[in-house]
Novice: 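One structure follows; several queries about it will come next.
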Amino acid sequence: MRAVRFEKTGGPEVLEVVEVDTPEPKAGQVRVRHEAIGLNFIDTYHRTGLYPVKLPCTPGGEAAGVVEAVGDGVTRLKAGDRIAYTGGFGAYAEANVVQADRAVKLPEGIDTRTAAAILLKGMTTEALIRRTYPVKAGDTVLVHAAVGGVGQIMTQWLKALGAEVIATVGSEAKAAKARELGADHVILYRDQDVAAEVRRITGGKGVPVAYDAVGKDTFEGTLSSLARRGLFVSFGNASGPVPPFPPARLAAGGSLYLTRPTLFDYIVTPEELDASAAAVFEVVMSGKVKIEIGQTFALTDARKAHEALEGRATVGASLLIP
């Protein structure tokens, strides 16, 4: 089968298409024939070495397809089931073996392309807005990169919860998209002072929670946008990692909180995984969150896909198609 891998870290040019043996599932595993593969920014962190991985590496931790082989002891899934999974590596390939208790069955209303586009991003959103900080109706929330893969889901889901959304984006075209998604206020973070705009919108109070996947470029603006005892949820590094800062900075900002969550601490057990996935599928099937697959790339064009992702030339979700 065909797979994409890198033998050294670096730019998109290190990604190569290779022929490898089709893997066989071991006890507790299933082999899934991919129909769609999710493209996520974390894949670029692995490729560059920001998040170290064992080399050579076939990147990708999200895909959907059909179970075609089952290892010993598996009762959760059977051959022919439509499934999606997130976590681990090896998704940039025509097939992969995964632990059966790390995959979820797809309901009738969710196709495999939609599943590959939403599972990681949707469960990330679910964990962040329902458990890291349980957003309630009437909360005013700051969302950076509001038309990215997570941002689009988050903006719509927050509106479904009754929140007021302040979205930041990088261009006028993306501002129009954010408004289409339901954002109440839109800030062009490259041209406007984010904190000043947030204070103006909130009558000087600031927001009780801010979700920031951008990292270095928005860090100070986000801190300065928070209300007293506000929570800064840092969950990505699209512009680079946040620089070191003294903890006293949080005190000076109004006894602020900062957390750096990762989804996989929220879906440790199969029960947590199933519950999170079910919430995502439910909100999508209800029509409250609409999924835009903004672009698809052939598996063999993974290099181009990474170039587009890092160049911020994508809107919504991106997929690789085997």
Novice: Indicate whether the side chain of Y266 and that of T132 have a donor and an acceptor atom separated by less than 3.5 Å.
Specialist: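 Yes, a side-chain donor-acceptor pair sits under 3.5 Å.
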Novice: Under 4.0 Å between a Lys/Arg side-chain N and an Asp/Glu carboxylate O for K304 and E307?
Specialist: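 No, this pair does not count.
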Novice: Can you tell me how far apart CG (L226) and OG1 (T202) are? Round to the nearest 0.5 Å.
Specialist: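 So the gap between those two atoms works out to 10.5 Å.
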Novice: Would a distance-only check, ignoring hydrogens and angles, find a side-chain to backbone donor-acceptor pair under 3.5 Å from R2 to V20?
Specialist: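 The answer is no, because no donor-acceptor pair under 3.5 Å joins these two groups.
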Novice: Decide yes or no for K205 and T140: does some side-chain heavy atom of the first lie under 4.5 Å from some side-chain heavy atom of the second?
Specialist: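 A side-chain contact under 4.5 Å is absent here.
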Novice: Nearest heavy-atom pair of F6 and H46: which atoms, and what distance?
Specialist: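 Nearest heavy atoms, F6 then H46: CZ-O, 3.5 Å.
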Novice: What do the steps show when you test S276 against E126 for side chain to side chain donor-acceptor pair (under 3.5 Å), and what is the final call?
Specialist: CA-CA 7 Å; S276 185; E126 184 277 325; 2.8 Å; yes
Novice: Which value, rounded to the nearest 0.5 Å, describes the distance between N96 atom CG and T22 atom OG1?
Specialist: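 So the gap between those two atoms works out to 11.0 Å.
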Novice: Under a 4.0 Å N-O cut-off, is there an ion pair linking R199 with E197?
Specialist: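 Looking at R199 and E197, the cut-off is not met.
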Novice: If two hydrophobic side chains count as joined below 4.5 Å and joins carry through other members, does V214 share a cluster with I153?
Specialist: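 Different clusters.
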Novice: Is a donor on one side and an acceptor on the other found under 3.5 Å between the side chain of R190 and the backbone of S171?
Specialist: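 Side chain of R190 to backbone of S171: no pair is present.
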Novice: Apply side chain to side chain donor-acceptor pair (under 3.5 Å) to T114 and D111, showing your working.
Specialist: CA-CA 5 Å; T114 300; D111 62 74; 3.1 Å; yes
Novice: Is there a side chain to side chain donor-acceptor pair (under 3.5 Å) between D217 and Y189 once you walk through the steps?
Specialist: CA-CA 9 Å; D217 289 355; Y189 73 85; 5.9 Å; no
Novice: Would you find a donor on one side and an acceptor on the other, under 3.5 Å apart, between the side chain of T218 and the backbone of G221?
Specialist: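 Side chain of T218 to backbone of G221: no pair is present.
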Novice: Could you work out, with salt bridge (charged side-chain N to carboxylate O under 4.0 Å, His left out) as the rule, every residue matching D184, not counting sequence neighbours?
Specialist: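 Applying salt bridge (charged side-chain N to carboxylate O under 4.0 Å, His left out) to D184 gives K159.
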Novice: Is the shortest side-chain heavy-atom distance between E16 and V4 below 4.5 Å?
Specialist: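 No, side chains not in contact.
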Novice: Give a yes or no on whether a salt bridge exists between R76 and D274, defined as a side-chain N under 4.0 angstrom from a carboxylate O.
Specialist: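 Judged by the 4.0 Å cut-off on N to carboxylate O distance, R76 and D274 do form a salt bridge.
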Novice: Do NZ/NE/NH1/NH2 and the carboxylate oxygens of K288 and E282 come within less than 4.0 Å?
Specialist: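 Salt bridge: no.
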